[in-house]
Amino acid sequence: MPVQFKDYYETLGVARTASADEIKKAFRRLARIHHPDVAKNKAAGEAKFKEINEAYEVLSDPEKRRKYDQLGANWEHGQEFHAPGHETYRRSAHFPEGESPFEFTGTGFSDFFEAFFAGSRDHPGSFRRTSFHADDATLAARGHDAEADILVTLEEALHGAKRQITVRRPEGDGETERTDTYQVKIPPGVREGKRIRLAGQGGPGRAGGPAGDLFLRVRLAKHPDFRVEGADLHYDVHLAPWEAVLGKQVPIPTLDGSAMLNVKPCAQAGAVLRLRGLGLPKDDARRGDLYATVCIESPESVTEEEKKLWEQLAAKSGFNPRA
């Protein structure tokens, strides 16, 4: 079965020879524009944000990018694309003989992504069978479990959300299909790798055995500003040299809006400043912290007047960073 090809380089607007840094910068720029909280059209922004995240998920990972680049000449052929070995993989590696896998929509990942990157070590994917089946067809056996990854934004992880997930599955002899739609509750504080269980919504049991379950495995969407460590968020605050020396109150983004960060005089590059309670929810309902790491940036060019002022400062200052 063909899937629609996704040109991740085109999605991020970078060349196929782009460096890791160029890919990161492109993601951050686009993610800030299309983030659902800032996009003028929230629905369109959310869809574009998910596309950008998927592209960055692949191109920022050296192994995934290598695998993607190996598709080679097939990039040039139309809108539909046959994943090499995909049908065999779907029918034999994860499900009993003769059964088709469940197909998910609304999870935030495209069919193309799941066709190529489901089942990898760091992305178990949508088509995994997790339950044991008895060999003897006359024995009662529990139905297989089905699992899909679901992309969750940090804002959804903070406040919780409801998502509509559609599941297409085989029915009867496998020649027909049925489609079910679920309203899935994403609880506040959900973490990377957490599985949301829909009991009894997996594969049917055999010989009177119970149905399996359906699991949605949480993948936190990449954020243009924050890195996640447990319930804590990390942010790089960029300062001019004079701001680091003189001190400054700097507005920084948070998941709640913005906050003022008080940078004391003579701040050092790499210093970490903490804003309490601005992270993600912990298990006890308290929130983690937001940590801002000081990054000191130099101007790429200066005017002649600015150069003279820097020279005057250099002549008068007794500071020696190599002493």
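Just the heavy atoms: all of them, side chains too, but no hydrogens, waters or symmetry mates, feed the values below. Since we're looking at a predicted model, the values are computed, not measured.
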>> Under the rule for side chain to side chain contact (heavy atoms under 4.5 Å, CB included), what residues qualify as partners of Glu10, not counting sequence neighbours?
In response: Asp7
>> Under the salt bridge (charged side-chain N to carboxylate O under 4.0 Å, His left out) definition, can you give me all pairs with a residue in residues 267-280, not counting sequence neighbours?
In response: Arg274-Asp289
> Does Lys222 have any side chain to side chain contact (heavy atoms under 4.5 Å, CB included) partners at least two apart in sequence or in another chain, and if so, which?
Replying inline: Phe27, Asn53, Tyr56, Glu57
> With sequence neighbours excluded, what pairs up with Ala271 under the side chain to side chain contact (heavy atoms under 4.5 Å, CB included) test?
Replying inline: Val294
> Listed by chain and number, what are the ring pair (Phe, Tyr, Trp, His ring centres under 6.0 Å) partners of Tyr8, not counting sequence neighbours?
Replying inline: Tyr68, Phe112
>> Show me the pairs that pass ring pair (Phe, Tyr, Trp, His ring centres under 6.0 Å) and involve residues 246-290, at least two apart or across chains.
In response: none
Side-chain polar contacts of residues 309-323 - donor-acceptor pairs under 3.5 angstrom, sequence neighbours left out - could you list them?
unit_1 : atom_1 : unit_2 : atom_2 : d
Ser317 : OG     : Phe319 : N      : 3.1
Asn320 : OD1    : Arg322 : N      : 3.0

> Which salt bridge (charged side-chain N to carboxylate O under 4.0 Å, His left out) pairs, counting each pair once, include a residue from residues 299-308, with sequence neighbours left out?
Replying inline: none
> Quick one: ring pair (Phe, Tyr, Trp, His ring centres under 6.0 Å) partners of His234, sequence neighbours excluded?
Replying inline: Tyr291
>> Per the side chain to side chain donor-acceptor pair (under 3.5 Å) rule, what does the pair list look like for residues 260-269, sequence neighbours excluded?
In response: none
Check: residues 240-255 side-chain donor-acceptor pairs under 3.5 Å, at least two apart:
unit_1 : atom_1 : unit_2 : atom_2 : d
Glu243 : OE1    : Ala240 : N      : 2.9
Thr254 : OG1    : Asp256 : N      : 3.1
Thr254 : OG1    : Gly257 : N      : 3.0

> With sequence neighbours excluded, what pairs up with His34 under the ring pair (Phe, Tyr, Trp, His ring centres under 6.0 Å) test?
Replying inline: none
